[in-house]
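This chain uses plain numbering: 1 for the first residue, then up along the sequence.
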Amino acid sequence: MALTLPAFAKINLDLRVLGTRADGNHDLKTIFQTLSLHDTITFEPRRGPFEIVCDDPAVPVDRRNLVWKAAALLWSVARPRRRGAPRDVRITLRKRIPAASGLGGGSADAAMALLGLARVWKLSLDLTSLSRLGAELGADVPFFLVGGTALGLGRGDDIYPLADLPKSWVVLVRPAFGVSTADAYQWFDREPRGGQRPALRRPPPAGWPAWAADLRNDLEPAVVRHHPAIGRIRQALVDAGAAAAAMSGSGSAVFGLFERADAARRTAADLARPGWLVVAASTLSRSGYNRRLSPALAGRPGSRIR
């Protein structure tokens, strides 16, 4: 039978670039947060070649797609005697998370591909094993096997679950352009240090953890220098009453956290522009994340990460 899973977006509540690693990647300390915005992936077992179908014509459906790469990696590791491309599954991908936005859409899809295909192909791999495979696909991928609020270290792939942020409503604004991760880090490396603007413009709301008092994104100043619209969007969210606002990841999406759903919806309507994606969403706790993924997690060893 077909299996359908949501692939949830994320924001980086906090992102610090600590230095450059020996392998050339940047050493990070970041706090991830799952959002209710999601793509939808359906896995349909069938005889024949592996296939991806997507409702967004801009998304490649061949070996360039992270879902395809996840399937090929899982096939080669779990079925070492079977050579060649993966088989016997058709994946339908319904995209709602925009690319080049810092919201982790491709990584979320890849993580759900690992989880869903492990179920469809009846592979006895726990989440720790899947997470190790996910890290080979991208630094963000292991987080999407955890969800909720979590600390990411190293490249961002060493994940430590945190107590969930109290439920908040989120306005996401993705302007009409994207920012590649490679560009964002190259710009950061050339940028003079210092001058990062804090994401929180006032004391954190009641019930928020102590670390929330000092949120920021170290990549933001360098990206804003090349794309000033990101800074203007951030300021508009602050002016609308967001408790915190910042660029997510390497951009170009900007988020604002609100304590009230009506304020988030009103702000989203006010900021809508032609060519922009403006969405009012909410944060998603780890327990809620587990519930939404239960069709693939049920009965799997180590299926809950607390």
Colleague: Find the distance between CG (L151) and CD1 (I31) and round it off to the nearest 0.5 Å.
Modeller: 6.0 Å
Colleague: With distance as the sole test, does T34 use its side chain to make a donor-acceptor pair with the main-chain N or O of G148 at under 3.5 Å?
Modeller: yes
Colleague: Please determine whether a side-chain nitrogen of the Lys or Arg among K69 and E136 lies less than 4.0 Å from a carboxylate oxygen of the Asp or Glu.
Modeller: no
Colleague: Any side-chain heavy atom of H227 within less than 4.5 Å of one from V179?
Modeller: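 They are in side-chain contact.
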Colleague: Any side-chain heavy-atom pair from V254 and V171 closer than 4.5 angstrom?
Modeller: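 Counting from C-beta outward, V254 and V171 never come under 4.5 Å.
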Colleague: Under 4.0 Å between a side-chain nitrogen and a carboxylate oxygen: does that hold for D109 and K95?
Modeller: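 Salt bridge between D109 and K95, a charged N being under 4.0 Å from a carboxylate O: yes.
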Colleague: As an exercise, state the distance from CG of L284 to CZ of R291, rounded to the nearest 0.5 Å.
Modeller: 8.0 Å
Colleague: After noting the C-alpha distance and the side-chain angles of D140 and K10, does the key distance pass the side-chain contact (heavy atoms from CB on, under 4.5 Å) rule?
Modeller: CA-CA 10 Å; D140 288 352; K10 61 83 180 168; 3.5 Å; yes
Colleague: Examine distances only and state if a side-chain atom of R174 and a backbone atom of A99 form a donor-acceptor pair shorter than 3.5 Å.
Modeller: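 Side chain of R174 to backbone of A99: a pair is present.
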Colleague: Using distance alone, with no hydrogens and no angle criterion, decide if H226 and D183 have a side-chain donor and acceptor under 3.5 Å apart.
Modeller: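 There is no such pair between these side chains.
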Colleague: Salt bridge (charged side-chain N to carboxylate O under 4.0 Å, His left out) with E220: which of R234, R16, R225?
Modeller: R234
Colleague: Walk me through whether L153 and L28 qualify under side-chain contact (heavy atoms from CB on, under 4.5 Å).
Modeller: CA-CA 6 Å; L153 299 177; L28 304 179; over 6 Å; no
Colleague: Would you say S76's side chain and A72's backbone share a donor-acceptor pair under 3.5 angstrom?
Modeller: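 At least one qualifying donor-acceptor pair exists.
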Colleague: Identify whether the distance between the nearest side-chain nitrogen and carboxylate oxygen of R265 and D270 falls below 4.0 Å.
Modeller: no
Colleague: Can you check whether L15's main-chain N or O pairs, donor with acceptor, with N12's side chain at less than 3.5 Å?
Modeller: no
Colleague: Roughly how far apart are F188 CZ and N217 CG, rounded to 0.5 Å?
Modeller: 9.5 Å
Colleague: Could you tell me if S252 and S101 have a donor-acceptor pair between their side chains, going purely by distance under 3.5 Å?
Modeller: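 No, no side-chain donor-acceptor contact under 3.5 Å.
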Colleague: Once rounded to the nearest 0.5 Å, what's the spacing between atom CH2 of W75 and atom CH2 of W68?
Modeller: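 One gets 12.0 Å once the value is rounded to the nearest 0.5 Å.
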Colleague: How long is the gap from CG on L5 to OG on S294, to the nearest 0.5 Å?
Modeller: 9.0 Å
Colleague: Is it true that D39 and R96 have a side-chain N and a carboxylate O under 4.0 angstrom from each other?
Modeller: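 No.
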Colleague: If we ignore hydrogens and angles and just use 3.5 Å, is the side chain of D14 paired with the main-chain N or O of T30 as donor and acceptor?
Modeller: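 Answer holds: no.
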Colleague: Using a distance-only test with no angle check, is there a side-chain donor-acceptor pair under 3.5 angstrom linking Q33 and T283?
Modeller: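 On atom types as modelled, these side chains do not qualify, holding no pair under 3.5 Å.
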Colleague: Less than 4.5 Å apart, any side-chain heavy atom of P209 and any of L165?
Modeller: yes
Colleague: Short question: side chain of T267, backbone of A263 - any donor-acceptor pair under 3.5 Å?
Modeller: yes
Colleague: Kindly state whether the ring of F8 and the ring of Y289 have centres lying under 6.0 angstrom apart.
Modeller: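 Yes: the rings meet the under 6.0 Å criterion.
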Colleague: Answer yes or no: is there a donor N or O on one side and an acceptor on the other, between the side chain of S36 and the main chain of S282, under 3.5 Å?
Modeller: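 Here the side-chain-to-backbone pair exists.
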Colleague: Are the side chains of E51 and I91 in contact, using a 4.5 Å heavy-atom criterion?
Modeller: no
Colleague: Any side-chain heavy atom of L74 within less than 4.5 Å of one from L125?
Modeller: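 Heavy-atom side-chain distance check passes, below 4.5 Å.
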Colleague: Supply the atom-to-atom distance S248 OG to L172 CG, rounded to the nearest 0.5 angstrom.
Modeller: 8.0 Å
Colleague: Between R286 (side chain) and G147 (backbone), is there a donor-acceptor pair under 3.5 Å?
Modeller: yes
Colleague: Is there a side-chain contact between W169 and L257, using heavy atoms and a 4.5 Å cut-off?
Modeller: no
Colleague: Using only atom types and a distance under 3.5 Å, with no angle test, would you say the side chain of R94 pairs donor to acceptor with the backbone of T92?
Modeller: no
Colleague: Just so I know, are the side chains of E259 and S168 near enough to count as touching, which here means a heavy-atom distance under 4.5 Å?
Modeller: no
Colleague: For the pair D88 (side chain) and G48 (backbone), establish whether a donor and an acceptor sit closer than 3.5 Å, ignoring hydrogens and angles.
Modeller: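 Yes.
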Colleague: Apply side-chain contact (heavy atoms from CB on, under 4.5 Å) to L117 and V89, showing your working.
Modeller: CA-CA 8 Å; L117 289 170; V89 176; 3.8 Å; yes
